[in-house]
Amino acid sequence: MVRPRKISLRERLAVNVRNERHARQWTQEDLAHRSGVSQRYISRVESAKSAISVDTIEKLAGAFGIDGELLLRRPT
């Protein structure tokens, strides 16, 4: 039996932010405007290159209208 590769919380967040943004057909700039987080920082989050604070997770989740914990769930 092959086990799925364990991904870090940073990678989970990256995938989930990107998926939520794409589901809404938003650009990174759209998300930046709605969340108050810079487009450059969103790019780094989506590529799992930046650590992110709980406060920023809350800003992104608020822009999406979801609970922050959903951004940390295992992607499907």
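What you see is a predicted model; the values in this text were computed from it and never measured.
- Side chain of Arg24 to backbone of Phe64: a donor-acceptor contact under 3.5 angstrom is found.
- Residues Glu20 and Arg73 approach most closely at OE2-NH2, 3.6 Å, considering heavy atoms.
- Annotation for Arg40: atom CZ does not count as buried by contact number, only 12 or fewer foreign heavy atoms lying within 6.0 Å.
- For the pair Leu31 and Val37, the minimum side-chain heavy-atom distance is 4.5 Å or more.
- Within the 3.5 Å criterion, the main-chain N or O of Glu46 finds a donor-acceptor partner in the side chain of Arg18.
- Checking side-chain atoms of Arg21 against main-chain N and O of Trp26 turns up a donor-acceptor pair under 3.5 Å.
- How far CD1 of Ile7 is from CZ of Arg74: 5.5 Å, rounded to the nearest 0.5 Å.
- Between Arg10 and Ala48 the shortest heavy-atom distance is CD-O, 3.1 Å.
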Chi angles and distances behind the side chain to side chain donor-acceptor pair (under 3.5 Å) call for Gln39, Gln28: CA-CA 6 Å; Gln39 181 275 325; Gln28 288 180 347; 2.6 Å; yes
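- In this structure, CD1 on Ile57 lies 8.5 Å from CG on Leu9, to the nearest 0.5 angstrom.
- No path of Ile, Leu, Val, Met, Phe, Trp and Tyr side chains, each step under 4.5 Å between heavy atoms, connects Leu70 with Val15, placing them in separate hydrophobic clusters.
- Leu13 places a side-chain heavy atom less than 4.5 Å from the side chain of Ile52.
- Counting all heavy atoms, side chain and backbone alike, Ala14 lies closest to Ser47 at CB-N, 4.5 Å.
- Between the CG atom of Leu71 and the CZ atom of Arg12 there is a distance of 12.5 Å, given to the nearest 0.5 Å.
- His22 contributes atom NE2, which lies 9.5 Å from atom OG1 of Thr27 (distance to the nearest 0.5 angstrom).
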Checking Leu72 against Asn16 for the side-chain contact (heavy atoms from CB on, under 4.5 Å) test, could you report, in this order, the C-alpha distance in whole Å, the side-chain angles of both residues, the deciding distance, and whether it holds? CA-CA 7 Å; Leu72 297 175; Asn16 289 329; 5.8 Å; no
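- Residue pairs satisfying the side-chain hydrogen bond (donor to acceptor under 3.5 Å, both in side chains) criterion with at least one member in residues 54-63, sequence neighbours excluded, are listed as follows: Ser53-Thr56.
- Atoms CG and OG, on Asp30 and Ser35 in that order, are 10.5 Å from each other to the nearest 0.5 Å.
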